[in-house]
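Single-structure report; data block below.
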Protein chains: 2
Amino acid sequence: MSTMETRQRLPAAERRESILAAASVVFGERGYAGATTDQIAVAAGISQAYVVRTFGSKEALFVEVAHRAVGRIETAFRTAIATDDGEPVDKRLGQAYLDLIADRGILLSLLHIFSLGNDPAIGPIGRDGFLAIYRLLRDEAGLSPEDASHFLAEGMLINTVLALQLHDSDDPDALELVTNACGGDLSRFRALAAG
Amino acid sequence: MSTMETRQRLPAAERRESILAAASVVFGERGYAGATTDQIAVAAGISQAYVVRTFGSKEALFVEVAHRAVGRIETAFRTAIATDDGEPVDKRLGQAYLDLIADRGILLSLLHIFSLGNDPAIGPIGRDGFLAIYRLLRDEAGLSPEDASHFLAEGMLINTVLALQLHDSDDPDALELVTNACGGDLSRFRALAAG
DNA sequence: GTCTATATTTCGATAGAC
DNA sequence: GTCTATCGAAATATAGAC
């Protein structure tokens, strides 16, 4: 008998999705260069060779992950704009953003994209994506340039304190800072950090 | 005759500094995992083996670079607080920050540190450094927790747009965003991007 | 203080079977 | 659709000469 359980045979589209999900987590934790295709393969429950074969190269896989992450923000914001529950737009947008980056893979992948602005393959994705989101805030949500900029600034601080895992610190100053940055309800992030 | 020019023999302390300066640039451009000790060696004008020998390991070198980057912010802020020229503190602090991260190596090294919060060696440096800066703003500069948080948020947006090199874009929306994020004088950043 | 040479490890990618 | 096996290319670190 084989010591390895029988693998599940999936349609190509589904397999792609499962690899992308695993890759988002691993790229997030380690960064683009620091992550290995083998770590992604283990996380996805398949062989290293199959990861590479499915996307052609590690870089192509990261590019896809990056596009997805940016796309998810755009989708979340458009939904928040369309769903008028009486709250002001910026409140709704902020809530939508917090909900989205409670997914640590997305949060960290975004940070890595931002810090690779010089990379010929990844830089343009970050620039185009960030600008698209800025325009969305200004033109679709109707924020003034100043308010859009202010909203983005708050978002970048949220990214930083969560990436640093300050929401997991027992330092009272850390709690004060994270509360001011993210608003009162931190439970969703604490819960995630435990897992 | 040798094709290689005679290397300059430097005191250990000076050589350390020159390696740290080169490492800040290379780590910034490529990230911790993406940078190689050989690239740093070339930038510093010495051999790869000597880089490793001087700091013991690539990780130890990055840890040193990270500590320096955080330390430079603290020093710049303390100087700005002490140097009262009639401008309000937050104005002086903002100006000091812009002056500092016109050094792209520092800027990008900081971003990489933030995005490696999970790393056992680098995570604590980022957390401790960020908290130290928060306390400095609140306790030494006298900002309220809300103002300190707001100041940090603006800083994180500045980091992002500069890392993405949006200050180098010819898109009018990019210009609008960068101007709102960084204030009017963008010339210092444009000049750097050309070099 | 600094180099050359190299041992060792690791990783991305390819080939080919099933 | 997925795996095993393996090649070849870096990259870190060490050894030892000068």
Side-chain angles (χ1 to χ4, degrees), chain A residues 1-23 25-27 29-66 112 116 119-122, chain B residues 1-23 25-27 29-66 112 116 119-122:
Chain A
M1 65 182 176
S2 164
T3 143
M4 175 83 63
E5 301 175 29
T6 306
R7 302 272 193 212
Q8 182 139 9
R9 205 181 168 83
L10 290 185
E14 284 183 41
R15 186 56 84 187
R16 276 182 71 90
E17 293 304 318
S18 80
I19 297 174
L20 284 166
V25 173
V26 177
F27 278 134
E29 293 299 329
R30 315 270 197 147
Y32 168 57
T36 71
T37 53
D38 189 59
Q39 291 162 350
I40 295 168
V42 169
I46 59 175
S47 72
Q48 180 266 336
Y50 192 24
V51 170
V52 174
R53 167 161 283 219
T54 303
F55 289 87
S57 71
K58 176 184 171 181
E59 181 176 90
L61 173 55
F62 187 76
V63 165
E64 182 75 22
V65 167
H112 290 299
L116 292 176
D119 187 283
I122 301 165
Chain B
M1 65 179 175
S2 164
T3 143
M4 177 83 63
E5 300 175 30
T6 305
R7 302 273 192 213
Q8 183 140 11
R9 204 181 169 83
L10 289 185
E14 284 183 39
R15 186 57 83 189
R16 275 183 70 90
E17 294 304 319
S18 80
I19 296 175
L20 283 167
V25 174
V26 177
F27 278 134
E29 293 300 330
R30 313 270 198 149
Y32 168 58
T36 72
T37 53
D38 190 59
Q39 290 163 349
I40 295 168
V42 169
I46 59 176
S47 72
Q48 179 267 335
Y50 192 24
V51 170
V52 174
R53 182 169 198 93
T54 303
F55 289 87
S57 70
K58 176 183 169 179
E59 182 176 89
L61 173 55
F62 186 75
V63 165
E64 182 74 22
V65 168
H112 290 299
L116 292 177
D119 186 282
I122 301 165

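In what follows, every chain begins at residue 1, and chains take the letters A, B, ... in the order their sequences are listed. Predicted model, so just to flag it, every value in this text is computed and none were measured.
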Open item on the list: Strictly by salt bridge (charged side-chain N to carboxylate O under 4.0 Å, His left out), give each pair with a member in residues 29-38 of chain A just once, sequence neighbours left out.
Closed with: A/Glu29-A/Arg104
- [ ] At under 4.0 Å between heavy atoms, which parts of nucleotides 5-18 of chain C does protein reach? Answer with one letter per nucleotide, 5' to 3': B base, S sugar-phosphate only, - none.
- [x] B-----SBBB-B--
Task: Close side-chain approach of A/His112 to B/Leu116, heavy-atom, < 4.5 Å - done: yes
Open item on the list: Nearest whole Å is fine: how far is D/dA11 C1' from B/Leu61 CG?
Closed with: 15 Å
TODO: Indicate yes or no: at least one non-hydrogen side-chain atom of A/Leu61 is less than 4.5 angstrom from one of A/Ile40.
DONE: yes
TODO: In whole angstrom, give the distance that lies between atom CZ of B/Phe55 and atom C1' of D/dT12.
DONE: 16 Å
- [ ] Write down the atom of A/Ala44, the atom of A/Ile19, and the distance for their closest heavy-atom approach.
- [x] CB-CA, 4.3 Å
Task: Interatomic distance where CD1 belongs to B/Ile19 and C1' belongs to C/dG1 [whole Å] - done: 11 Å
TODO: To the nearest 10°, let me know how far the axis at one end of the helix from C/dG1-D/dC18 to C/dC18-D/dG1 is tilted from the axis at the other, five pairs an end.
DONE: 10°
Task: N/O donor-acceptor pair under 3.5 Å between B/Gln39 side chain and B/Thr36 backbone - done: yes
- [ ] Could you tell me whether B/Lys58 sits above the aromatic face of B/Tyr32, with NZ or CZ closer than 6.0 angstrom to the six-membered ring centre and within 45 degrees of the axis?
- [x] yes
TODO: Find the distance between CD (A/Glu14) and CZ (A/Arg9) and round it off to the nearest 0.5 Å.
DONE: 13.5 Å
Open item on the list: Just the rounded figure in Å: distance from C1' of C/dT2 to CG of B/Leu10.
Closed with: 11 Å
Task: Distance, rounded to the nearest Å, where B/Tyr50 contributes OH and D/dA15 contributes P - done: 18 Å
- [ ] Indicate yes or no: at least one non-hydrogen side-chain atom of A/Phe55 is less than 4.5 angstrom from one of A/Val63.
- [x] no
